[in-house]
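Working notes, structure below.
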Amino acid sequence: MNCSQIKTLLAVVFITCMGMSSANAQDLIARQPPIDKKLKTIDSLILQKQIDVEREEFPALSLYPTWTNTSVHAYRGVPVPDTYEVDLTGFYMPTESRKVTSKYGYRWRRMHNGLDLKVYVGDTIRSAFDGKIRMVKYERSGYGRYVVIRHYNGLETVYGHLSKQLVKEGDVVKAGDVIGLGGNTGRSTGSHLHFETRFLGIAINPALMFDFENQDIVTDTFVFKRKASRAATSTASAGAGSYYRVRKGDTLSGIAASKRVSIKSLCQLNSIKTTSILRPGQQLRLY
Ligand SMILES: [Zn+2]
């Protein structure tokens, strides 16, 4: 562009600007922000939709790098956070059974990675939280017919010895959705549900989260601690104790009487005093 062309261009721009009334120019300026806002809203809607799709596709993506159906614990070598808060509030009890027949922990020198609950063949088994079905498999000498679900709260749950699996790998489920029927398949004597709660493959005592006897959760937020989980799996039956979730109006003596434990041992186990005020939702170790 030579000098005279630039002059012509400037003249054209000048005339155009002069031709536009100042009111029009104001209008244009005034209209700009809402258009921007609208675009931003559309952008964030699209982004939110993408996040929702991703969330559904890969539950707890920030924790779990892989999605595979090869094994229950498929995360060896994956970094485990020192602590992680697991939101349990969207729970649904996996079974109506209140009868724990075998606790978590070592038994006959073998680690029992879950809780056994008395169920009958054909009893309804439900997903404990919202999630996506990762495994639907059969293991003759172990879990029998089993289902593994990855949940959005960071946990994975395992349901073993089922007589029937009613979901497919990749299915998205809601808390309370029926996933199978109780049974006696695999390494099992007598029909029961073997229920596991795992975090990045690491088994956690389900009794720290679920109170089957009272059909409730033990706490709204379970805090996973890497060090504690190591200690729990390396020492015999550590973490296999029983817990109670304090309800409104509960007293220490009332809990002690109903659970048949001494006030003294309650105080010792929970590092509290007889005069300590109990908070509803507080988790008390019973033994
Ligand atoms: Zn079991």
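One-based numbering, in listed order, for ligands and for the atoms of each.
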Pair T157-Y159, side-chain donor/acceptor within less than 3.5 Å: yes
Considering only N, O or S atoms of D116, the one closest to the Zn ion (ligand 1): OD1
F210: which of Y92, Y104, F222, F129 passes ring pair (Phe, Tyr, Trp, His ring centres under 6.0 Å): F129
Common cluster, M93/L208, ILVMFWY with side-chain heavy-atom separation under 4.5 Å: yes
Axial cation check for Y143 ring with R187, 6.0 Å and 45° limits: no
The Zn ion (ligand 1) to nearest N/O/S of H194 less than 2.8 Å: yes
N/O/S atom of H112 inside 2.8 Å of the Zn ion (ligand 1), strictly under: yes
